[in-house]
Amino acid sequence: MKLPTTWDGWATRVSVYAKEGKKLLGLPRFPINIEEIAPHFSRSIYPNEPITLIQGEDFGGKFEGALFPNESRDEWAILYDKGHSSKGRINFTQAHEFAHYLVHRGLTDKPFHCSRSNMWEWNTEYGRMEAEANSFAAFVLMPPDDFREQTKEFRKPTISDFEVLRDRYEVSITAAVLNWLKNTKTRAMIVVSRDGFIDWSWGSSTLLSSGVYFRAKTVTTPVPDVSLAALGPSHGLTAIQHPAGVWNRFEPVFESTLFSEYHEMAISLLTYPTSGPTRRFEDDVDDALAAR
Ligand SMILES: [Zn+2]
């Protein structure tokens, strides 16, 4: 059988393999367990260079995961950081490294060492491989057919709605929200903040094309004083409709926030009105928060 050459070709192949395998065993389709699938799948396709080891290591947060062969390059190992990761993060990392094995291992002689930050770099060749590995992981763990079905009622979801998906697919809540944002027409954004400052954010394409985004990392942006993200978990509220002038100078924003026990992190889902403001305001929005 002809082998796929792209990440989505491989993702489709693995997804079908997982689905059929579970059906044969009479088990529910989800969650997808990469630790079970990768050794069998790799051996069936590449009997001379299968994945023979998937193991947790304490990388001390330096790496999320790694993929490398033995000296004779006839066996491969996936390692993942077990020291600083939730089950969902580990699952995603394993799938990410599995993608490097299937799609990228022939492109470089170097082993793959993936850290959290370079999983988000995209403007280099390595960044492209990272983006593809993330797309593969999202596709395989949250297959589009099922994900669409699960989220078809999401008009103005709260972050809590994604807890159901987190449990169904055994992924992190941010992975589930990102997967929705990448496919929805809703103008929405995830904002992850730490100690009152935006760590990173990601908006849906409809939101981005209406000029709303935060320039994370390049400038230090505090979350708004009256946002749930700033108020903290003791406040007890989980969702609130803000008027214009809180998260955005021109638009009201619906915010729901979940506080993670890890690293004092707040994960906020912001949804904006269906249609954006009529005039474009990229220049204003960048510093909208700072200028308040
Ligand atoms: Zn990687």
Side-chain angles (χ1 to χ4, degrees), residues 3-15 18 31-39 41-42 45-46 49-70 73 75-143 169-179 181-182 190 192 199-200 202 216-217 262:
L3 294 178
T5 53
T6 58
W7 74 263
D8 43 341
W10 277 114
T12 306
R13 181 76 73 91
V14 170
S15 197
I32 305 289
N33 188 337
I34 299 296
E35 215 158 332
E36 279 172 18
I37 292 170
F41 184 84
S42 62
I45 306 267
Y46 299 112
E49 43 177 336
I51 293 170
T52 53
L53 181 74
I54 301 182
Q55 192 172 286
E57 293 278 329
D58 193 350
F59 289 136
K62 198 169 173 226
F63 300 113
E64 291 274 310
L67 172 83
F68 53 88
N70 63 355
R73 287 182 85 85
E75 289 183 51
W76 290 74
I78 288 175
L79 300 184
Y80 57 88
D81 184 26
K82 63 175 181 187
H84 295 71
S85 289
S86 62
K87 177 94 182 81
R89 283 269 289 277
I90 288 172
N91 232 357
F92 199 89
T93 300
Q94 290 176 346
H96 175 105
E97 300 303 330
F98 190 27
H100 284 324
Y101 170 84
L102 292 171
V103 192
H104 306 128
R105 76 182 188 286
L107 303 177
T108 172
D109 292 334
K110 290 189 206 131
F112 289 85
H113 283 101
C114 306
S115 69
R116 185 131 189 263
S117 56
N118 66 27
M119 280 186 175
W120 298 104
E121 274 171 30
W122 50 271
N123 53 353
T124 60
E125 170 67 8
Y126 191 69
R128 188 184 58 79
M129 290 195 274
E130 289 301 281
E132 289 184 351
N134 286 338
S135 299
F136 172 95
F139 187 113
V140 169
L141 299 177
M142 301 171 275
Y169 301 121
E170 276 190 8
V171 294
S172 66
I173 200 114
T174 51
V177 175
L178 278 171
N179 203 37
L181 287 172
K182 283 176 180 170
I190 183 173
V192 175
D199 192 19
W200 60 271
W202 182 283
K217 301 287 184 197
Y262 300 108

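The analysis underlying the following values was restricted to heavy atoms, covering all of them including side chains, and did not include hydrogens, waters or symmetry mates. When a ligand or atom number is given, it counts from 1 through the structure's own listing order.
- Distances from the Zn ion (ligand 1) show that Glu64 has no N/O/S atom below 2.8 Å.
- Here His113 fails the criterion, with no N, O or S atom under 2.8 Å of the Zn ion (ligand 1).
- In the model, Glu130 has a side-chain atom that pairs as donor or acceptor with a side-chain atom of His96 under 3.5 Å.
- Applying the side chain to side chain contact (heavy atoms under 4.5 Å, CB included) rule to Ala11 yields the partners Trp7, Phe136, Phe139, Val140; only residues at least two apart in sequence or on another chain are considered.
- The name of the N, O or S atom in Glu130 nearest to the Zn ion (ligand 1) is OE2.
- What you find for Gly65 and Thr93 is that their closest heavy atoms are CA-CG2, 3.6 Å.
- Within His96, the N/O/S atom positioned nearest the Zn ion (ligand 1) carries the name NE2.
- The existence of a salt bridge linking Glu64 and Arg89 is confirmed by a sub-4.0 Å separation between a basic side-chain nitrogen and an acidic carboxylate oxygen.
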